[in-house]
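To keep things clear, I will list the structure first and then write my remarks on it.
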Amino acid sequence: MTEKTQEQDAQNEGGEGLAELDAAILEFERTWFTYGGAKDHAIRERFDLSAGAYFQRLAVLLDDPRAYAHDPILIKRLRRIRDSRQRSRSDARIAR
């Protein structure tokens with residue numbers, strides 16, 4: 001985690017809302033297709049995070065009640081996608 005994201009997390013510890021970075025990540029997930037090009041490139045450009053670090057943070061957000069309160073429709077959609085992919089991977093392992 002970068003120094004910048006650690007500071008934002010520290011500032012948000014006592015608060016009820018999302019850190020600015022987390023809210024920005026959710027906004028990006030809602031609209032990333034409008035950027036054109038590769039999502040990984042847009043992530044690096046906008047957040048200065050590797051794709052891996054970004055997706056790890058997003059995975060944590062999907063289970064964060066504050067993120068759900070911030071944008072329940074987006075969180076539900078992303079959870080459905082995550083769960084569907086997990087089921088597909090599980091089914092593929094069983095089929096071997």
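Given the structure is predicted, the values throughout are model-derived calculations rather than measurements.
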Problem - Donor-acceptor pair, side chain of R79 and main chain of L62, under 3.5 angstrom - result: yes

Handout entry: Atom of T31, atom of T34 and distance for their closest heavy-atom approach
Key = O-OG1, 2.7 Å

Practice task
Could you list all the ring pair (Phe, Tyr, Trp, His ring centres under 6.0 Å) pairs where at least one residue sits in residues 52-96, not counting sequence neighbours?
Solution key: F28-Y54, F47-Y54

Handout entry: Residue pair E29, R77: steps toward the salt bridge (charged side-chain N to carboxylate O under 4.0 Å, His left out) verdict
Key = CA-CA 11 Å; E29 279 299 311; R77 180 173 59 85; 5.9 Å; no

Practice task
Give the cluster check for V60 versus I43: same hydrophobic cluster or not, with ILVMFWY residues linked at side-chain heavy-atom distances below 4.5 Å.
Solution key: no

Exercise for the section: Drop me the distance from R46's CZ to I25's CD1, to the nearest 0.5 angstrom. Expected result: 9.5 Å

Practice task
List the atom of L26, the atom of A67, and the distance in Å for their closest heavy-atom pair.
Solution key: CD1-CB, 4.0 Å

Exercise for the section: Please check if atom CZ in R89 has more than 12 non-hydrogen atoms from other residues, nucleotides or ligands closer than 6.0 Å. Expected result: yes

Practice task
For the pair S90 (side chain) and Q86 (backbone), establish whether a donor and an acceptor sit closer than 3.5 Å, ignoring hydrogens and angles.
Solution key: no

Handout entry: Salt bridge flag under 4.0 Å for residues D63 and R82
Key = yes

Problem - Between CD1 on residue I75 and CG on residue D64, distance to nearest 0.5 Å - result: 8.0 Å

Problem - CG-CG distance between L61 and D71, expressed to the nearest 0.5 angstrom - result: 11.0 Å

